[in-house]
Amino acid sequence: MPYFSTTNTCGESFFAQDNGAFAGQLGEGESVDETGIPRLENHIVQNLRDPFGEYTRHVNSFLYGPNTEFCGSDYEDGDTVPAVNMDITLSESERESLREELGDQPPWRSAASGQGSLVELPSTGNSIEDQEEAGYYRYNDGDRHVFATDRVTWNIQAAGKVLADKNIVMGVGELSAEDGATPGHSEHQGGRDVDLRLVGKRNPNTDVARAAPCTVNDSSCYDRDNTFEMIKAFIDVDPFGIDKVFINDSRLQERINEYLDTAYGIQSFNGMPVARSCSGHDNHVHLSFKNNGTNPDDLARRAR
Amino acid sequence: MKLIISVVILTISQLSYGECRLDWDNIFFKDLDGNSEYNPKTNKMELQFRTYKKFQGDFPQKVSLNIPFKGDCQDIKVSRVSSFRKIGPRKLSGDENDHSKHGLKPKGSTYEADAFENVPVNIEFNGKNMVLKPFKIYDALASIDFKKNHVWQMRFDIYYKTEQGLENKKSHFVEMPLIH
């Protein structure tokens, strides 16, 4: 027996999706809510994103146990935190503003079609003012794992601008190496994965909340609400593009999954909740924009 | 009687202070390049040097190996440090769509020697730690065929002479788990 095993905490479905197979299921259950933001009835999105949902849930449950058994957080602070704004952040005018500043969101490309040339996420340098204006900074970038697809780079910059308006500055860590392949990671191999620091508390002197090198267990540093705002910004700029969020804070996971459901009708992906635990993710959030072959733009168009 | 006890205690404490004790259990690595970090107290960016017990995800370019000590260790002579990599297939951690193998680690693999370029190891004492440097950790990771393999663990063999002139060797292992 050449290996020994430990508990799997990042369970995945074994099924890749082919979005083309579901085109015929669309056209019913579409609606637009009072905010003017399009959404689908839950069961339509559920079927669209998760055609084998019930089956995969049983398989995953059998293989990995129920989701509640995934690594949780020891973070206990925040039982009485005020309710976080669950409204959709971006209005159409704000989206238009992002398009004016950053150009159109680049079209999604499937991993199978090749990653194309990866684009470097611009550095905001050492200037605090520049970082606050962009809404992000890069950290530990000496390894040059600062490249991503044009769409993911756009998403990071757009989320940064959304956060800058809220006086939040995120910390962007590992993306991918320039040619995609990135040592030390099982993912991050094609510019579609983003590691983000947790966001800390607001500085009372500046009212700015910055991402900081803290863990979910350090309540003197970690701020769940601000970290949620960061993830929410990514969801809002590419709601159907995110296929997973790894963060070892079960309460934050609940909030993310609730927001995906409430705002966009997304309940799960391949039978798994989008936000879940995974070993090694106490001190950062991992976002993936792979979507297992389903074009998020198609989903968004159909949602309208 | 009290005087005798006091003298004995003083003598023992003097002896134990003078004796060099290397704390091998609390070895750590320290980034040598540093990273510019925001200091909320000064509202300025400052260069900070992160420490590591294991390497995971963000791999520093160059690190020092720090061995905490107590007592007088100036006479300790480190003759050389040999480094080894335990290389195994990446798939041991599971492919992206097959996470059933997460957490698996190679077992029984042999170590590959000469993990780093043959750079002389510089030794310093900073008051608390014996500092050996530099070690190019990222190169040791990235210089293999990392699309197929991964460096799962490294071993550092530290050869040194005690203050009594005795030859000694201590091995330190550092884990390098693959992360998402």
Side-chain angles (χ1 to χ4, degrees), chain A residues 1-16 63-64 111 125-128 131 137 139-143 145 169 171 173-174 177 181-189 193 195 200-201 203 205-206 208 210-213 244 246 270 278-281 283-284 286 288 290 292, chain B residues 31-48 50 54-62 88-109 137-151 176-180:
Chain A
M1 185 70 180
Y3 320 126
F4 64 90
S5 68
T6 57
T7 309
N8 175 355
T9 57
C10 320
E12 295 284 346
S13 163
F14 299 151
F15 300 100
L63 286 173
Y64 310 127
N126 275 337
S127 159
I128 293 171
Q131 294 177 2
Y137 64 86
Y139 67 91
N140 292 352
D141 56 0
D143 57 13
H145 296 169
V169 182
E174 294 284 276
T182 309
H185 291 273
S186 57
E187 298 196 54
H188 294 264
Q189 302 301 308
D193 300 282
D195 282 350
K201 300 184 186 306
N203 183 326
N205 298 321
T206 62
V208 175
R210 292 178 60 95
K244 63 188 164 224
F246 289 145
N270 279 355
C278 183
S279 60
H281 293 81
N283 64 352
H284 72 278
H286 173 105
S288 285
K290 302 194 189 73
N292 278 11
Chain B
D31 181 17
L32 288 173
D33 296 324
N35 197 42
S36 191
E37 295 280 6
Y38 174 74
N39 183 339
K41 290 176 183 167
T42 60
N43 196 33
K44 288 180 180 170
M45 302 296 290
E46 294 172 3
L47 201 58
Q48 293 182 6
R50 193 173 155 194
K54 65 179 179 179
F55 297 107
Q56 178 173 281
D58 286 328
F59 289 85
Q61 297 287 326
K62 290 196 299 285
R90 281 173 59 88
K91 65 183 178 184
L92 285 171
S93 100
D95 296 329
E96 284 200 30
N97 292 315
D98 179 7
H99 291 229
S100 61
K101 290 176 181 170
H102 268 315
L104 298 183
K105 294 176 182 174
K107 192 178 177 184
S109 304
I137 287 291
Y138 188 77
D139 282 0
L141 179 84
S143 59
I144 64 167
D145 180 3
F146 60 81
K147 291 178 185 174
K148 292 180 181 172
N149 295 316
H150 176 63
V151 177
M176 304 176 80
L178 202 59
I179 192 172
H180 271 267

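Order of the sequence lines sets the chain letters (A, B, ...), proteins ahead of strands, with each chain counted from 1.
The side-chain hydrogen bond (donor to acceptor under 3.5 Å, both in side chains) test with Glu174(A) singles out one residue from His284(A), His286(A), His145(A), and that residue is His145(A).
Under the 3.5 Å distance criterion, with hydrogens and angles disregarded, no donor-acceptor pair is assigned to the side chains of Ser279(A) and His281(A).
The contact between Asn35(B) and chain A is made entirely by side chain atoms (from C-beta outward), counting heavy-atom distances below 4.5 Å. Contacts of Asn203(A) with chain B are made by side-chain atoms alone, with heavy-atom separations under 4.5 Å and no backbone atom involved. For Phe59(B), the parts lying under 4.5 angstrom from a heavy atom of chain A are both the backbone and the side chain. In this structure, chain B has a heavy atom under 4.5 Å from the backbone of Thr182(A), while its side chain stays farther away. Neither the backbone nor the side chain of Asn149(B) has a heavy atom closer than 4.5 Å to any heavy atom of chain A.
No donor-acceptor pair closer than 3.5 Å links the side chain of Tyr137(A) to the backbone N or O of Tyr38(B). When atom types are taken as modelled, the side chain of His185(A) and the backbone of Pro183(A) share no donor-acceptor pair closer than 3.5 angstrom.
Taking the charged nitrogens against the carboxylate oxygens, Lys244(A) and Glu187(A) do have a contact shorter than 4.0 Å, which makes a salt bridge.
For the options Glu37(B), Met176(B), Gln56(B), heavy-atom pairs under 4.5 Å to chain A are most numerous at Glu37(B).
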